[in-house]
Amino acid sequence: MSTAIVWFRRDLRLADQPALSAACAAHERVLPVYIHAPHEEGAWAPGAASRCWLHHSLVDLQSQLREQGASLHVRRGDSLAVLRELVHATGATAVYWNRLYEPTAIARDSTVKAALREQGVEARSFNASLWCEPWQRETRQQAPYRVFTPFWRSLRTQLSVTAPSTRPSIHGLEVADGLPIDALELLPAIPWDSGLREAWRPGERGAREALEVFEDDAVTDYATARDLPARHGTSRLSPHLHFGEISPRQIHHALAARVSAIDARRRPDIEPFLRELGWREFAHHLLYHFPATPTANFDRRFDRFAWEADDNASLERWQQGRTGIPLVDAGMRELWHTGWMHNRVRMVVASFLCKNLRQHWHHGARWFWDTLVDADLANNTLGWQWVSGSGADAAPYFRVFNPVSQAQKFDAQGEYLRRWLPELRDASPPLLHEPWKDAALLKRSGYPAPMVDLGDSRAAALSAYQSMRGA
DNA sequence: TGCTCGTTCGA
DNA sequence: CGAACGAGC
């Protein structure tokens, strides 16, 4: 009887799970393991919202395994030490896992792989979460891509719809001394997470459900609906993707199958959505090739940029959604309440922090890291560097979002604003978009006056960028 | 995946 | 006088 260990990390699914499939194909018995080791993730251990999600996702994985007659062995500690101990306890001859792409994870996994091989254990890693490995794609100059469009053109032409594998049948084995998931203490001591629980269903089954909901929406009008924050017009698959509860290949396959059944003249275009998955690939490509970018400006000219001094009071108003700018505050409160924010609104609140308040993008990246259920180092880094203008293929520095016109354009009726700003619930456009224009409204609602003048702060940002460029 | 301002054009 | 458009930020 040969035994393999499958080391689960952020691939919390049973279907289309290459490490698990390979283990089940080549070995009679399989031990699924999760090792909680946040100390191995450096400065980017999961934040509070992420830990919540992880808890529920592990619970879902455990219950699915139990239905299969198997069981997830849960531990905490040093990954290598625990794996060695389990190899010893089970007589396993192989350890399989799916790759991660954060610099600290790569370093850890290389060490683990080398150490296991040295003791004669077969150690193999697989690709479970990307269409294409970051090292498998380069420009004609044999350099990593730095611009999205050529990256996407190259990836898109090679993309074919392939059927994902289904879940294997698992002959699991039980090992003593596993922990209950509760023992990992991933849930908050103070239960602030009720909003998260109402908004989401973590786990592979929740991911499948979200995909089905999205298939129906995508089939109608993703291209326009995705820009309206009041609607659930986006896929809302990001946290599921982050934890590997579903793969891009599964999504692509499902969407392609769904639209191919529709009459060609009315067939919706899934390219805009595939392109968003392309941005995710690009983010991973960049993080792999430029591992310093979670903290260092991609464009080093920005090292000289005149940020405002760190200002905790301003930062706190932004975090708590009390800036006095309705769309910014609505977004920040949506984030706090649900662990997620609509993508268009993310761009607006980020632009406001980096340009109107001129606070360093690090502060925004860190807050998102702690509060987003889809916090992902590659995506978060790309997003913040893109907005601040310091990134690869970033928004030009002079592109400053005006949160009022964005709200007028994408939340014309103010439905999203009223949902998240209860004190303005009886206001309506046009004053809802600019409540400071009605002193009586501010007074009776208690909604704050804007912390900065949008026009003045925009001009100040442009001149700061200008002088950086001149320097 | 922008904004603002100035200009022009048509009601 | 406002919509539409292009240039420059």
Side-chain angles (χ1 to χ4, degrees), chain A residues 146-153 156 218 221-238 269-283 286 298-299 301-302 305-306 325-328 330-331 334 340-358 361 364 368 374 378-412 416 430 433-434 450 452-471:
Chain A
R146 295 158 176 264
V147 180
F148 175 71
T149 304
F151 171 86
W152 175 236
R153 201 175 301 135
R156 183 67 190 90
D221 59 345
Y222 175 73
T224 52
R226 67 167 176 163
D227 266 330
L228 307 175
R231 301 228 335 234
H232 279 184
T234 63
S235 72
R236 295 171 62 86
L237 285 166
S238 53
D269 185 8
I270 63 171
E271 290 304 318
F273 178 70
L274 294 181
R275 193 182 156 86
E276 296 302 310
L277 291 177
W279 275 100
R280 176 180 176 277
E281 297 278 321
F282 185 50
L286 289 175
F298 191 96
D299 178 345
R301 285 176 304 175
F302 274 77
F305 183 74
I325 309 295
L327 187 57
V328 174
E334 178 182 35
W340 185 86
M341 194 194 305
H342 188 280
N343 187 52
R344 175 154 290 279
V345 187
R346 292 188 197 197
M347 295 189 283
V348 172
V349 303
S351 168
F352 183 78
L353 183 74
C354 292
K355 299 190 176 172
N356 300 93
L357 299 182
R358 239 185 317 138
W361 62 266
F368 272 27
D374 63 28
N379 297 333
N380 202 40
T381 300
L382 179 145
W384 281 95
Q385 295 230 32
W386 184 88
V387 165
S388 77
S390 63
D393 197 21
Y397 76 94
F398 45 77
R399 188 180 282 165
V400 180
F401 284 84
N402 179 329
V404 175
S405 44
Q406 289 287 312
Q408 287 165 337
K409 211 181 290 180
F410 299 112
D411 190 38
Y416 178 76
H433 289 129
E434 299 172 282
V452 287
D453 178 86
L454 291 174
D456 296 347
S457 54
R458 173 179 197 274
L462 290 180
S463 87
Y465 280 106
Q466 203 59 254
S467 55
M468 174 197 81
R469 272 181 31 149

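What you see is a predicted model; the values in this text were computed from it and never measured. Reminder, nothing fancy here: chain letters follow the sequence lines and each chain counts from 1.
No donor-acceptor pair closer than 3.5 Å links the side chain of A:H433 to the backbone N or O of A:P326.
Ring geometry for A:F282 versus A:F151: interplanar angle of 30 to 60°, hence tilted.
Sorted by first and then second residue, the salt bridge (charged side-chain N to carboxylate O under 4.0 Å, His left out) pairs with a member in residues 221-235 of chain A read A:D221-A:R231, A:R226-A:E276, A:D227-A:R344; sequence neighbours excluded.
Taking the ring-ring contact (aromatic ring centres under 6.0 Å, His included) definition, one finds that A:Y397 meets it with A:Y465, sequence neighbours left out.
In this structure, A:W361 and A:F302 have side chains that are not in contact, with every pair of non-hydrogen atoms separated by 4.5 Å or more.
If you walk DNA chain B from 5' to 3' and mark each nucleotide with an atom closer than 4.0 Å to a heavy atom of chain A, the marks span B:dT1 to B:dT4.
Contacts of A:K409 with the nucleic acid, taken as non-hydrogen atoms under 4.0 Å apart, involve only primed sugar atoms and P, OP1 or OP2. Residue A:S351 is classed as having no contact, given no heavy-atom separation below 4.0 Å to the nucleic acid.
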